[in-house]
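All remarks here apply to the structure that follows.
Quick caveat, the model's predicted, so the values are computed rather than measured. Protein chains get the first letters and strands the later ones, always in sequence-line order, with residue 1 at the start of each.
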Protein chains: 2
Amino acid sequence: MSSQERSAPRRRNPRGQGQVLKAQLVDAAAKLLSTLDQPETLTLRQVAREVGVAPASIYSHFPDLSALIQHVLRLRYEELARLMDQAAQSAPDPLVDLVARCAAYVRWGVGQPGHYRTLFGGRMPDDLVPGSAHGAGAELLEAVVTSLAAAAEGERKQPSAEQQWQAGLMLWTALHGLVSLYNDHGNIPWPPLDDLIADLLSLHTARPADEIAALLPQCGDAPGLAPDSI
Amino acid sequence: MSSQERSAPRRRNPRGQGQVLKAQLVDAAAKLLSTLDQPETLTLRQVAREVGVAPASIYSHFPDLSALIQHVLRLRYEELARLMDQAAQSAPDPLVDLVARCAAYVRWGVGQPGHYRTLFGGRMPDDLVPGSAHGAGAELLEAVVTSLAAAAEGERKQPSAEQQWQAGLMLWTALHGLVSLYNDHGNIPWPPLDDLIADLLSLHTARPADEIAALLPQCGDAPGLAPDSI
DNA sequence: TGACATAACCAACAGTTGTTCAGTTAGAGG
DNA sequence: CCTCTAACTGAACAACTGTTGGTTATGTCA
C-alpha cells in the first residue's frame with residue numbers, strides 16, 4: 001500500500017513559487033519521520049513518492065538527503081523548545097514554571113513518538129541532530145536545570161552548582177526515560193500519564209504529589225501543531 | 001576498512017563441527033550490533049564479511065537474518081537478567097538487593113551501549129526484541145517492582161499494589177533514561193556514574209544518598225563477559 | 001579405495017538505495 | 001508572438017540488500 005503510484009501527476013508550480021515544493025518536502029519528510037518505526041530508514045525516494053514528485057526534484061531544494069532530514073529535525077527541535085517556553089511563560093512562580101515546562105516536554109514527546117525518538121532516541125549520524133554540536137538539547141537541559149534550581153530556592157540547604165546540575169540532569173533523564181518507555185512499550189499497563197508526571201516531579205522537587213498534580217496544566221492547554229501543517 | 005576482503009580463505013570446519021560457524025556468526029553479529037550506531041542497519045552481508053564467509057553460508061544455520069538477530073538479542077537479554085540476579089543473590093536485605101540489581105542494570109547498559117540500545121532503544125522491529133511479546137523486559141521490570149516494594153517494607157504507610165507498580169515503573173524509567181542519555185550524549189559533562197546511581201536510588205527509596213552509596217557494589221564485582229567471547 | 005553426507009561457495013536474481021545529468025515543460029516578461 | 005529560465009522529469013548509474021539453486025570441496029565411515 002505504501003508503494004502506490006500517484007494517480008494525479010501533480011501540477012507543476014508557477015514561476016516564482018518553487019518554495020512550495022520545498023515546504024511540501026519538509027512536511028512529507030516530517031510525516032514520514034513521525035510514522036516510521038525506524039527514523040533513520042527514511043528514504044529520499046519515500047519522500048518523493050509521498051509528495052508525488054521525481055526523486056531528482058529534491059536536489060533542487062536540498063543538497064542531499066541529510067540536509068532535508070536535518071532541516072526537519074531543526075524545525076521539530078525549535079518547536080519543542082518554543083512549546084516549553086510558551087508553557088512556562090506565564091508561570092507565577094518557579095515551581096509552576098518547572099511543572100509546566102516538564103509537562104510540555106513529556107506531552108510533546110508522547111504525542112509525537114516518531115519525532116521524539118528521532119530527536120532524542122539514540123544517536124543519529126552526528127551532523128543530523130541540531131544542537132548536537134552544543135550538546136544535543138543543551139538549551140532544553142539548561143532550562144530545566146535553572147528552572148529546577150529556582151524551584152528549589154528557599155530550601156533549608158543551598159545546593160552547590162554541581163548539585164544543581166546533577167539534580168537537573170537526573171530530572172531530564174527521568175523525563176526522557178518516561179517518554180521513551182511510554183512510547184516504545186505500549187503493551188505494559190501504564191498508569192495515567194499525568195499521574196506519572198506528577199509523581200516524577202514530586203520525587204524530584206520533594207513536594208507532595210497532589211500539590212504538583214494541582215499545578216499540572218490541562219491537556220488542552222498545550223498549543224500543538226496546526227492541524228493542517230502536516 | 002570495513003570492506004576489506006578476507007585474506008585467508010578460511011579453512012572449512014571438520015565434519016561434526018558445523019556448529020562452530022554458528023557460534024562465530026553469533027559472536028560477529030553481537031560485535032557488530034554493539035559497534036553500529038544504528039543497530040537496525042545490521043546486514044547479513046556484514047556478518048558474513050566479518051566472519052569471512054559467503055553470505056549464503058548463513059542460511060545453513062539460521063533461516064534468515066531476523067532469526068540470527070533474534071538469537072543474539074535473546075542471548076544478550078538473558079545475560080543481563082542473569083547478571084542482575086547474580087548481583088542480587090547474596091543480598092542480606094531488600095535494600096541491598098535493590099541497589100545491587102539497579103547498579104547491575106545501569107552498569108551493563110553503560111558498558112554495552114550498542115546492546116542496550118538494541119534491546120531497549122525501541123527501534124528494532126517488534127518480533128526481534130525478545131520479551132517484546134510479554135512486555136519487553138517484563139521480567140526485569142517485575143523484579144525491580146518487587147525488589148523496590150520489599151525495600152519499602154516497614155514504611156509507615158503501606159502502599160497499594162497500584163502504587164507499588166507505579167513506583168517500580170518510575171524507577172525503571174529513571175534507570176532507562178539515565179542509561180540512554182549517558183550512552184548517547186557523551187559530550188555533556190556527566191558526574192560520576194556511581195553518584196548518579198546513588199542519587200537516583202536515594203530519590204526512589206527515600207533514603208539518604210550516602211547510605212545508598214555505601215551499599216553500591218564495587219565496579220569490579222559485576223561479572224562481565226568473558227573477554228574472549230567477542 | 002569408494003560412497004556419502006556435511007560445510008561452504010559461486011553466481012545470479014530482483015529489489016532497493018542515493019545521486020547525476022541531459023532533457024522537457026510551462027509560465028512570465030519582453 | 002518569441003524567448004528565457006525556473007521547475008521539474010526520465011533514464012541511467014553504481015552500489016548495496018536478502019535470498020536462492022546449483023555446485024564444489026572435504027572429512028568420515030564402510
Side-chain angles (χ1 to χ4, degrees), chain A residues 1-26 28-29 32-33 36 38-72 124-125 127-128, chain B residues 1-26 28-29 32-33 36 38-72 124-125 127-128:
Chain A
M1 56 177 175
S2 68
S3 65
Q4 59 178 358
E5 300 297 325
R6 62 184 178 283
S7 47
R10 180 198 149 76
R11 289 196 48 77
R12 156 202 242 75
N13 281 313
R15 202 64 183 289
Q17 305 301 319
Q19 303 301 324
V20 314
L21 174 56
K22 181 168 186 172
Q24 283 180 303
L25 291 173
V26 171
L32 288 174
L33 272 180
L36 292 174
Q38 301 116 319
E40 59 272 14
T41 64
L42 176 68
T43 276
L44 194 153
R45 298 177 111 100
Q46 283 181 7
V47 179
R49 276 193 293 267
E50 177 77 20
V51 179
V53 91
S57 305
I58 296 184
Y59 289 88
S60 312
H61 300 281
F62 297 95
D64 59 1
L65 175 61
S66 296
L68 171 56
I69 297 181
Q70 192 170 1
H71 190 249
V72 172
M124 292 295 277
D127 57 330
L128 285 191
Chain B
M1 58 176 179
S2 70
S3 66
Q4 58 177 0
E5 299 298 326
R6 62 186 179 282
S7 48
R10 182 199 152 75
R11 289 196 46 77
R12 151 200 243 80
N13 282 312
R15 199 68 181 292
Q17 304 301 320
Q19 304 300 324
V20 313
L21 175 57
K22 181 168 185 173
Q24 284 180 301
L25 291 173
V26 170
L32 289 174
L33 273 181
L36 293 175
Q38 300 119 320
E40 60 273 12
T41 64
L42 177 67
T43 277
L44 193 151
R45 297 177 111 98
Q46 284 180 7
V47 179
R49 276 194 295 266
E50 177 76 21
V51 180
V53 93
S57 305
I58 296 184
Y59 289 88
S60 311
H61 300 279
F62 297 95
D64 58 0
L65 176 61
S66 296
L68 171 55
I69 297 181
Q70 193 169 2
H71 190 248
V72 172
M124 293 302 268
D127 57 329
L128 286 190

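For the atom pair NE2 (A:H71) and NZ (A:K22), the distance works out to 5.5 Å, reported to the nearest 0.5 Å. Summarising the geometry, atom CG belonging to A:L25 is positioned 6.5 Å from atom CG belonging to A:L68; distances are rounded to the nearest 0.5 Å. A distance of 11.5 Å separates CG in B:L65 from CZ in B:R45, rounded to the nearest 0.5 Å.
Between the CG atom of B:L32 and the P atom of D:dT17 there is a distance of 12 Å, rounded to whole Å. Per the geometry, CG belonging to B:L25 stands 10 Å off P belonging to C:dC9, to the nearest Å. Nucleotide D:dT19 holds its P atom 11 Å from the CG atom of B:L68, rounded to whole Å. In this structure, A:I58 atom CD1 and D:dG10 atom C1' are separated by 15 Å, rounded to whole Å. Nucleotide D:dC8 holds its P atom 5 Å from the CG atom of A:L21, rounded to whole Å.
Considering only side-chain N and O atoms, B:H61 lies nowhere under 4.0 angstrom from the phosphate OP1 or OP2 of C:dA7. Between A:R49 and C:dT17 there is a side-chain N or O to OP1 or OP2 distance below 4.0 Å. Distances shorter than 4.0 Å separate none of the side-chain N or O atoms of B:S60 from OP1 or OP2 on C:dA8.
At a threshold of 4.5 Å between non-hydrogen side-chain atoms, the residues B:L36 and B:Q46 count as touching. Looking at B:F62 and B:L44, their side chains never come closer than 4.5 Å, going by heavy atoms from C-beta outward.
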Could you run down the sub-3.5 Å N/O contacts of the protein with nucleotides 18-21 of chain C?
| unit_1 | atom_1 | unit_2 | atom_2 | d |
| --- | --- | --- | --- | --- |
| C:dG18 | OP1 | A:L44 | N | 2.7 |
| C:dG18 | OP2 | A:L44 | N | 3.2 |
| C:dG18 | OP2 | A:R45 | N | 3.3 |
| C:dG18 | N7 | A:R45 | NH1 | 2.5 |
| C:dG18 | O6 | A:R45 | NH1 | 3.1 |
| C:dT19 | OP2 | A:Y59 | OH | 2.7 |
| C:dT19 | OP2 | A:L65 | N | 3.4 |
| C:dT19 | O5' | A:Y59 | OH | 3.0 |

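Contacts of B:S60 classified as side-chain contact (heavy atoms from CB on, under 4.5 Å), with partners at least two apart in sequence or in another chain: none.
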